[in-house]
Colleague: 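First the structure, which I've put down as structure tokens, then a few questions once you've had a look.
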Amino acid sequence: MTNARNDTFWVVIPARYGSTRLPGKPLLDIGGKPMIRHVWERAGESKAARIIIATDDDRIRIACMEFGAEVCMTSDACESGTDRLAEVVAAEGAADDLVVVNIQGDEPLMPAENIDQVAALAQRGDTDIATLCVPIQSKEEFANPNVVKCVLGEEDRAVYFSRSPVPHDREDAAGFGHAFRHLGIYAYTVGALKEFSAMPPSRIEQLERLEQLRALAAGMSIRAQVAGRTPPHGVDTEADLELVRQQLG
């Protein structure tokens, strides 16, 4: 890993039509706009030099082009958003030192300053992958398997990610004072992204259904900072969607 870094960064937003709980999620209406447009607008408020929506679905492509977004069509064989990012940077011939920020297409309330923060963390040159987290706010959140927990070590090193309530406090088994919620945002250099996407899924990744564990299992480094602003949860359920509609409607 080199310490040299490109001064600019791109944002790529993977968008998949299929969703078990919310089919067609990127196109669900929020305040008269499809959800993916809100994500794109948040990215547009950041310092990103380029914003690309990556999808394999013509319905999403057409909707995004109608509001002026740049769209890159990716293979329907992509198993994850990271695979879509890898296809985009390959198709664009992006330099290995360029930083690319991955914002999930169901994060319509991600603050632009968080996008800039995670990009700057990746541009420092002392990690393979950068991401953000925020303190857990309740016992219910700590116990919820849909809330991914990030275990932090020294110097912002991410030690582990889990759907389980970790780390466990032996002095206060019900406590959550040392727990962090992982946010759905990553930054990679193109070189690290290529390395990561070429790896086969790890066993622990398959157990937790968390692809960032593939990187940790392979010995890649992940830095996770506490976000400058705490966004609401992304949209995973109908209840999440209604909460976002109340804030953006």
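Computed over heavy atoms, backbone and side chain alike; hydrogens, waters and symmetry mates excluded.
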Colleague: What closest approach, in Å, do I52 and V71 show between heavy atoms, and which atom pair accounts for it?
Modeller: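 Heavy atoms of I52 and V71 come nearest at CG2-C, 4.5 Å.
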Colleague: Side chain to side chain donor-acceptor pair (under 3.5 Å), that's the test. Do R214 and S202 meet it? Break it down for me.
Modeller: CA-CA 5 Å; R214 184 191 321 173; S202 68; over 6 Å; no
Colleague: Quick check: do I222 and D128 have side-chain heavy atoms less than 4.5 Å from each other?
Modeller: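 A side-chain contact under 4.5 Å is absent here.
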Colleague: Quick one: which of Q212, E208, K149 gives a side-chain hydrogen bond (donor to acceptor under 3.5 Å, both in side chains) with Y160?
Modeller: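 Going through Q212, E208, K149 one by one, the side-chain hydrogen bond (donor to acceptor under 3.5 Å, both in side chains) with Y160 is satisfied by E208 alone.
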Colleague: What residue pairs, at least two apart or across chains, pass salt bridge (charged side-chain N to carboxylate O under 4.0 Å, His left out) with a residue in residues 159-186?
Modeller: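 Qualifying pairs, neighbours excluded: E141-R181.
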Colleague: Enumerate, atom names and distances included, each donor-acceptor pair closer than 3.5 Å involving a side-chain atom of residues 37-44, sequence neighbours excluded.
Modeller:
| from | atom 1 | to | atom 2 | distance (Å) |
| --- | --- | --- | --- | --- |
| R37 | NE | E41 | OE2 | 3.1 |
| H38 | NE2 | I30 | O | 2.8 |
| E41 | OE1 | K33 | NZ | 3.2 |
| E41 | OE2 | K33 | NZ | 3.0 |
| R42 | NE | E45 | OE1 | 3.3 |
| R42 | NH1 | H38 | O | 3.2 |
| R42 | NH2 | E45 | OE2 | 3.0 |

Colleague: Counting C-beta onward and ignoring hydrogens, is there a side-chain heavy-atom pair between E92 and R50 closer than 4.5 Å?
Modeller: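 Answer yes - side chains close enough.
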Colleague: Does the side chain of I51 come within less than 4.5 Å of W10's, by heavy atoms?
Modeller: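 Answer no - side chains too far apart.
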Colleague: So, N114 side chain and P111 main chain: donor-acceptor pair closer than 3.5 Å or not?
Modeller: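 No, because the side chain of N114 does not come within donor-acceptor range (under 3.5 Å) of the backbone of P111.
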Colleague: Any side-chain donor paired with an acceptor under 3.5 Å for T127 and S221?
Modeller: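 The criterion, which ignores hydrogens and geometry beyond distance, is satisfied for S221 and T127.
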Colleague: Using 4.0 Å as the upper bound for N to carboxylate O, is an ion pair formed by K194 and D96?
Modeller: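 Salt bridge: yes.
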Colleague: Is it true that D156 and R223 have a side-chain N and a carboxylate O under 4.0 angstrom from each other?
Modeller: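 Answer for the salt bridge query: no.
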Colleague: So Y186 and V101, do their side chains get closer than 4.5 Å, heavy atoms only?
Modeller: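 V101 vs Y186: side chains apart.
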Colleague: Taking the side chain as everything from C-beta on, heavy atoms only, tell me whether F9 gets closer than 4.5 Å to K47.
Modeller: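 They are in contact (side-chain heavy atoms under 4.5 Å apart), so the answer is yes.
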Colleague: Check whether any side-chain heavy atom of Y188 lies under 4.5 Å from a side-chain heavy atom of N102, and answer yes or no.
Modeller: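 Of all side-chain heavy-atom pairs linking N102 with Y188, at least one is under 4.5 Å.
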Colleague: Give a yes-or-no answer on whether the side chains of R61 and T55 include a donor-acceptor pair shorter than 3.5 Å.
Modeller: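 No, no side-chain donor-acceptor pair sits under 3.5 Å.
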Colleague: Between F67 and I36, is there a side-chain heavy-atom distance shorter than 4.5 Å?
Modeller: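 Yes, side chains in contact.
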Colleague: Going by heavy atoms in the side chains, are L27 and R59 under 4.5 Å from each other?
Modeller: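 Touching, per the 4.5 Å side-chain cut-off.
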